[in-house]
Amino acid sequence: MQRRRVPKPSNSGADGIVGVLVFISVAMLVAGIVMVVTHAPSSDIRAKDYDYIIVGGGASGSVVAERLSRSGRHSVLVIEAGPEIQDDENLVLLGSYTPTLARDFFNTFFWQTAQENVPDVPDWQYSDGRVLGGHSKVNDAVFDRGTDWMFDEWELITGDPIWATVNVLQAFRELETYDSPLSNPSRRGYTGPLHVWEQMTADLQEIPTDMATTFVQAVEQMTNLTRLDDYNDMFTASRLGPLLRWQFTAAPNRTRYSADVAILTPTVRARKNLQISKSSTATHVIFSGSKQAKAVRYLHNGKEDVAHAKKRIVLSAGINTPRILQQSGIGDVTTLTNANIPLIVNNSNVGYHMATHNGIEATFLKNNTHAQSLNLADIYEGGAFLPDPRVTPDPVSPRRVKLVAINRGSEMGLKVIDLQPTSTGYTRVFSNDPLRTVQASSNIFDESGDMDMMVKTVQRYVCGLHEEFNGYGHGPAIDDEYRLINPPLVICNNTGAIEDWIVANADVFSFQWSSMCRMGAVNDDSSVTNSRGSVWGVTGLTIADRCLFPRPHDGDVQAASYLVGKIIAEQIIAENF
Ligand SMILES: Cc1cc2nc3c(=O)[nH]c(=O)nc-3n(C[C@H](O)[C@H](O)[C@H](O)COP(=O)(O)OP(=O)(O)OC[C@H]3O[C@@H](n4cnc5c(N)ncnc54)[C@H](O)[C@@H]3O)c2cc1C
């Protein structure tokens, strides 16, 4: 099956390559060797020209669109698969915890990605937001920049100072307006588009809650780490410790500041040089004979459309960025051959090295005088960033484990998340039909070190918390009404039983997919792009989303998704690569 070439529109700037392309295209069309997209009769194709085309209007893509259209000198098209939703409370207010969204809206607002070996059976865990604003419209909205340790690694891996912590901090400051009092003002931004607010609690509860205060005391006693007042202070003396309040991309009335609201404001959308094509699903990037990205093919209202880019195409499609690359002929030769997709660039890293965060949830009975809220908006009541339990706690060690204390009525749920697993997964197409689901696997606990880490985490931090609550840890009882009920206490000293419990309960529920198209230095043969998102082996094609992260995020992904959009867009403006 041959790839269809699209005729150059009459109003596009002519160049020799395109002229050849037109000739080939016409010849192919005449010969009838076209790929038939069932939803898109060829007579419906309309051609359009833009300077920049951005695929995906999520966290990263919105920032790229705003930045590239700001000067008014360049025409910008955003192709977004989802609709725009402005008035559905479930998406606008944070109170709708994502599992509720998943239950009620999975088919509508989430991508359908399948697990390995079960093609076409959608799995919520391998999902992502499909709506203008992307995942920022349906996520838990925790705002976590990541630490200086993580960005130092990015700079080291890419060899590019644009990712140096000092630059990253400046970019974060420009992105945010910090709405809460507890911070070091020199590390926060106060004029950016993205509002960040501390804590998400029910209206009538005291902040911090009794549960959060008790939890933090127990973690301090257990680890000898002191409380973090602002876990997003990237130059803090300690990266580690418990915290009373999480920070969210939301207003105090719990209205989400999702990307469509915060970045694509009415003023931005009024720009004459910015067009947003909603409910439009990009299927392929089209290349010239010299492998320059020239156009994007997409489906809108069931019809095929093609938009041409005079300067650059930017992929910010999140979990679908590797899928679009693969459908367009950039990927592992075996994967593409099996899917009957003609090869343009053989790069076995496309869709691979997928990082995520593994997790489990433990349960404690809690003090019944502490608020019994079941208000889903209350879920986060404190947490902690902790080191690998196999090393002696030291405030400047990297973050390895995240704890999130959740108010579940008479119980306290404790999410226990491995932030830096070494196991990696993949997402790959198995068909040349761009509308079919892709296969994905996180290969959770593939590397034995990850299981050992999680077993030690349960022993040291979960069973350890029970000991601190009840007075047989490192000090007096913090509150002996807090008692571990799952996993059962009796397995705390039994490594094998804990391992079985983890296998039975493990999840990838933190949904922090990243790194499927890693950026790297010139000689990095595990990368898909250079340090500025430019895809190896072709020209005019940039990736700007979390797929670029060269290693797993050491917190939550959305803040760095905005950041990547901003930094890459500024490089595009400077044409500095
Ligand atoms: C349940 C859940 C909860 C989460 N909670 C948090 C949290 O609390 N904090 C946090 O930091 N992170 C959280 N995340 C992760 C975070 O929200 C996302 O990783 C982040 O928003 C990613 O931004 P992005 O721009 O890379 O992708 P997205 O925001 O997903 O944007 C990609 C956009 O591209 C569009 N698109 C995809 N394919 C195509 C196509 N073919 N054509 C056109 N458009 C396309 C999508 O519709 C989407 O709008 C959560 C994720 C999940 C699943």
Side-chain angles (χ1 to χ4, degrees), residues 53-65 77-84 94 96-102 105-106 109-113 124-146 196 200 246-250 256 258-260 263-264 276-285 296-300 314-325 327-328 355-357 379-380 402 404 415 434-435 438 508-514 516-517 543-549 553 555-565:
I53 299 175
I54 299 149
V55 177
S60 312
S62 296
V63 175
V64 176
L77 171 68
V78 178
I79 299 175
E80 165 53 49
E84 175 162 22
L94 275 190
S96 300
Y97 181 40
T98 37
T100 313
L101 288 172
F105 297 110
F106 182 48
F109 297 127
F110 291 87
W111 286 98
Q112 316 281 299
T113 298
W124 149 243
Q125 297 186 71
Y126 297 95
S127 186
D128 233 342
R130 184 179 53 212
V131 55
L132 187 66
H135 233 107
S136 65
K137 200 78 182 167
V138 291
N139 65 9
D140 295 343
V142 172
F143 188 79
D144 182 353
R145 292 167 163 179
V196 179
M200 178 168 68
W246 293 97
Q247 298 171 16
F248 295 88
T249 44
R256 273 179 194 279
S258 47
D260 55 317
I263 312 292
L264 300 175
I276 303 173
S277 182
K278 292 167 257 186
S279 302
S280 299
T281 303
T283 57
H284 302 89
V285 174
V296 176
R297 183 181 301 154
Y298 63 104
L299 296 172
H300 177 65
V314 181
L315 297 182
S316 298
I319 205 165
N320 281 339
T321 289
R323 170 195 204 150
I324 295 168
L325 283 183
Q327 287 293 348
S328 306
T356 189
H357 294 161
I379 54 167
Y380 288 101
K402 183 167 100 168
V404 183
K415 274 193 188 186
L435 300 183
V438 295
V508 286
F509 54 29
S510 54
F511 306 109
Q512 307 292 329
W513 309 116
S514 74
M516 299 86 90
C517 301
I543 294 174
D545 63 27
R546 69 200 127 111
C547 295
L548 292 181
F549 297 2
H553 196 284
D556 281 307
V557 168
Q558 75 160 349
S561 301
Y562 285 103
L563 173 91
V564 163

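Note that ligands are numbered from 1 as they come in the structure, with each ligand's atoms numbered from 1 the same way. No hydrogens, no waters, no symmetry mates; every other heavy atom, side chains included, goes into these values. The first residue in the sequence is number 1, and the count goes up from there.
Annotation: the span from His135 atom NE2 to Ser258 atom OG amounts to 12.0 Å, rounded to 0.5 Å.
Arg256 places a side-chain N or O within 3.5 Å of a backbone atom of Asn139 that can act as its donor or acceptor partner. With hydrogens and angles disregarded, a donor-acceptor distance shorter than 3.5 Å links the side chain of Asp545 to the backbone of Cys547. Panel note: side chain Ser328, backbone Val285; a donor-acceptor pair is recorded below 3.5 Å. Within the 3.5 Å criterion, the main-chain N or O of Ala559 finds no donor-acceptor partner in the side chain of Ser561. A donor-acceptor pair is defined here as one N or O able to donate and one able to accept, closer than 3.5 Å; no such pair exists between the side chain of Thr281 and the backbone of Leu299. At least one donor-acceptor pair under 3.5 Å links the side chain of Tyr562 to the backbone N or O of Ala259. With hydrogens and angles ignored, the 3.5 Å screen pairs a side-chain donor or acceptor of Thr283 with a backbone N or O of Arg297. Judged purely by atom type and a 3.5 angstrom limit, Ser316 has no side-chain atom pairing as donor or acceptor with the backbone of Ser60. Under the 3.5 Å distance criterion, the side-chain polar atoms of His553 are left unmatched by any main-chain donor or acceptor of Trp513.
Near Ala141, the atoms of ligand 1 lying under 4.0 angstrom from a non-hydrogen atom of the residue are 7 (C), 8 (O). Under a 4.0 Å criterion applied to the non-hydrogen atoms of Asp545, ligand 1 contributes the atoms 26 (O). Applying the 4.0 Å criterion to heavy atoms of Ser561 picks out, from ligand 1, the atoms 20 (C), 22 (C), 23 (O), 26 (O).
Proximity annotation for atom 9 (N) of ligand 1: of Val142, Thr281, Asn139, Asn320, Val142 comes nearest, heavy atoms only. The residue from Gly56, Ala282, Gly318, Gly129 that puts a heavy atom closest to atom 48 (C) of ligand 1 is Gly129. Looking at Gln558, His553, Lys137, His135 and measuring to atom 29 (O) of ligand 1, the nearest heavy atom belongs to His135.
With a 4.0 Å cut-off on non-hydrogen atoms, Ala59 touches ligand 1 through its backbone as well as its side chain. Here Ala259 has no heavy atoms under 4.0 Å from ligand 1, in either its backbone or its side chain. In Gln512, the part holding a heavy atom less than 4.0 Å from any atom of ligand 1 is the side chain. In Val55, the part holding a heavy atom less than 4.0 Å from any atom of ligand 1 is the side chain. With a 4.0 Å cut-off on non-hydrogen atoms, Ser316 touches ligand 1 through its backbone and not its side chain.
Between Ala559 and ligand 1, no pair of N/O atoms sits closer than 3.5 Å. Checked against a 3.5 angstrom limit, the closest N/O atoms of Gly82 and ligand 1 fall outside it. Any N or O atom pair closer than 3.5 Å counts here, and Arg130 shares no such pair with ligand 1. Looking at Ile324 next to ligand 1, no N or O pair under 3.5 Å apart turns up. Taking distance alone, with nitrogen or oxygen atoms compared against 3.5 Å, Ser60 approaches ligand 1 more closely than that limit. Geometrically, ligand 1 and Gly61 share no nitrogen or oxygen pair separated by less than 3.5 Å. The distance criterion of under 3.5 Å between nitrogen or oxygen atoms is not met by Trp513 with respect to ligand 1.
At least one heavy atom of Ser280 sits less than 4.0 Å from an atom of ligand 1. At least one heavy atom of Val131 sits closer than 4.0 Å to an atom of ligand 1.
A side-chain donor from one of Gln512 and Asp556 sits under 3.5 Å from a side-chain acceptor of the other.
In this structure, Lys402 is positioned above the aromatic face of Trp246, its NZ or CZ under 6.0 Å from the six-membered ring centre and within 45° of the axis.
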